[in-house]
Amino acid sequence: MTDTLPAHTTTRSDETWWRQASVYQIYPRSFADANGDGIGDLPGITERVLYLASLGIEAVWLSPFYPSALADGGYDVDDYRDVDPRLGTLDDFDAMVSALHAAGIRVIVDIVPNHTSDRHAWFRQALASPAGSPERDRYVFRDGTGEHGEQAPADWVSIFGGPAWTAVGDGQWYLHSFATEQPDLNWANREVRDDFLHTLRFWSDRGVDGFRIDVAHGLSKDLGDVLPTWAELSAMPKDGSHPLWDRDDVHEIYAEWRQVFDEYTPARTAVAEAWVAADRRARYASAEGLGQAFNFDLLEADFDAGAFRSIIEFNLGLAEQSGSSTTWVFSNHDVVRHATRYALPPRTGDEKQGGAWLLAGGSQDVLDQQLGLRRARAATMLELALPGSAYLYQGEELGLQEVGDIPDAERQDPAFFRNPGVDVGRDGCRVPLPWTRSGPSFGFGTGGAHLPQPAWFGDCSVEAEDTDPGSTLNLYRKALGLRGQLQSEEHLEWLETGRDDVLAFRRPNGWTSVTVFTDVPYDLPAGELLLASAPVADGALTGVGTVWLRA
Ligand code: GLC
Ligand code: CA
């Protein structure tokens, strides 16, 4: 493995580093396990800093590492200002941040403000206190219906399936938009607001550079005195006045957060995870608010030139409106990996990509893995040439496929347990990474892996790919390295390609990217060939792939 650090294009004092950063998402409990208990940990990340540096990324984003029962993989937080003892200590956190910073890598942590876990001190206090108490006011409690409150206040369904209200035994019920273990907070409560300002300062003071805000479109709620039915709720427009989602007044919260971010030099950054209509995204990305928002449009699209082009044009336009930069994502811890989505037969309807395949057993045999990987490599190179930030997910640099056939008995995701026969859940993209060709848990740790790794993982391991010049790992390294050198102003100019299955664009400094979406060879325009995701012969890209040229 390489033992030198690549040059970085920004300095730590740069206020605009986030605008075009490549950010690598670490799902800590599945990254590397330093103490051999089967769960990835913070020292495991610190031990792999050279690997992260060898990728040429500018920042890491860590999914939650806070104390948690892991009812939702850590998105059920017991204490926002500590480290889960299974993942390390605050000292381990500080050591990790120092090591990453020394390697020129910034650190983004995940903030989960819509809900705490049911083990959070506040929720325990709420349960121990009577209806109408200040302790209950930090959450969303309502009286049940029926004579003794034995029926739920409303028939609402949680995002993971199953009821969204749970009884606490005294006639009251609490709202949980996600799992039962994730009670929603009441953001109308000043104490809740102040506590999160405290948390943002706590991590900022420890040197954290930015925050990823979970379910940023949740938080603010206005349920009124009479709760609507689920059918009524579902039919209400999400125009800023919906009782639960994407309310206009949620931005008052982020305006307060912005003041905290701006107390620091450089200002701390934030990116919103807000699953809202595209035309409402800009509010989250505004400079008075979080500053940037995820755009999941490419992640949700099929591998199709026309779809990609309109998504890119639309989002560059939105970014101009908000003054933010745009973001691109193909994979994260919530979706089927893109190498696998692109290996599946075409979708017939609107279903979630990979959903039907997972329900049918998730067999690798029905995938065209080779095609999926060629498309994924092409898509990533296209993404990395676009203006804006690119968010990459651990394992995609290895070309990893989704693990579709995890036995039911080993699944962990509440989406699986709460939605039998409808949703298989997200465990298949959370299987611990393979570091070595063989050995226990493929080098993840000495104590096994908390989700089963398939035999084929060894061939996609870091060890197997590190020295293979044609590997996906080395493609990512070269592409990220070049991106650092070639980065240009946040514009692109589309080039005429003469074909509707080919997209080509040029950045202001001449950096040109050409993507062929089918296996029909394509004669490349003139220019110095910098990198190709697929073979180039006689000046033509031979099939699905992306090439970068300097023109
Ligand atoms: C976000 C996270 C997801 C989590 C959910 C509830 O969507 O990305 O993993 O389950 O929020 O916190
Ligand atoms: Ca461990």
Side-chain angles (χ1 to χ4, degrees), residues 25-48 61-66 68-78 80 83-89 92 96 108-118 120 158-161 164 175-185 211-219 244-246 271-276 293-294 296 299 329 331-336 352 391 393 412-419 423 425-430 432-433 435 440-441 443-451:
Q25 180 189 358
I26 293 181
Y27 194 70
R29 70 200 168 102
S30 301
F31 186 70
D33 173 20
N35 66 352
D37 67 352
I39 301 181
D41 42 45
L42 301 186
I45 299 171
T46 308
E47 284 175 5
R48 298 293 199 282
W61 144 35
L62 269 63
S63 278
F65 48 80
Y66 315 112
S68 169
L70 302 179
D72 181 22
Y75 285 89
D76 46 322
V77 180
D78 299 350
Y80 292 88
V83 174
D84 189 301
R86 287 167 297 181
L87 272 70
T89 62
D92 291 330
M96 178 194 74
I108 296 171
V109 301
D110 217 309
I111 298 291
V112 188
N114 182 66
H115 42 264
T116 69
S117 81
D118 60 349
H120 191 284
S158 100
I159 305 251
F160 293 151
L175 174 68
H176 50 91
S177 299
F178 294 87
T180 316
E181 297 87 348
Q182 294 168 299
D184 281 43
L185 283 166
F211 300 94
R212 178 262 189 194
I213 312 305
D214 190 64
V215 197
H217 58 310
L219 283 64
L244 292 181
W245 300 111
D246 190 25
V271 57
E273 185 220 22
W275 293 87
V276 298
F294 281 131
F296 296 119
L299 174 155
V329 188
S331 280
N332 63 31
H333 66 297
D334 289 331
V335 296
V336 170
K352 213 161 67 175
Y391 286 84
Y393 177 54
Q412 301 175 8
D413 186 357
F416 167 72
F417 297 109
R418 297 179 62 91
N419 235 343
D423 194 344
R426 302 159 294 178
D427 294 314
C429 63
R430 301 171 175 185
L433 286 192
W435 292 91
S441 72
F444 168 69
T446 53
H450 63 88
L451 280 167

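Every number for a ligand or one of its atoms is a count from 1 in the order of the listing. Just so you know, residue 1 is the first one in the sequence shown, and it goes up from there.
Listed by chain and number, residues touching ligand 1 at under 4.0 Å (heavy atoms only) are D72, Y75, H115, F160, F178, Q182, R212, D214, V215, E273, H333, D334, R426, R430.
The main-chain N or O of G38 is found under 3.5 Å from a side-chain atom of D33 such that the two form a donor-acceptor pair. Between the Y75 side chain and the D214 main chain, no donor and acceptor come within less than 3.5 Å of each other. D76 contributes a side-chain N or O that, together with a main-chain N or O of D72, makes up a donor-acceptor pair within less than 3.5 Å. Under a 3.5 Å cut-off, the side chain of S158 and the backbone N or O of A164 do not form any donor-acceptor pair. Looking only at distances, a side-chain donor or acceptor of W435 sits under 3.5 Å from a matching main-chain atom of F31.
The aromatic rings of Y66 and Y80 sit tilted relative to each other, their planes meeting at an angle between 30° and 60°.
The count of protein N, O or S atoms under 3.0 Å from the Ca ion (ligand 2) stands at 5, with waters excluded from the count.
Between Y393 and W61, the gap from one ring centroid to the other reaches at least 6.0 Å.
A salt bridge is absent between R418 and D413: the closest approach of a Lys/Arg side-chain nitrogen to an acidic carboxylate oxygen does not fall below 4.0 angstrom. Between R29 and D37, no side-chain nitrogen of the basic residue sits less than 4.0 Å from a carboxylate oxygen of the acidic one, so the salt-bridge criterion is not met.
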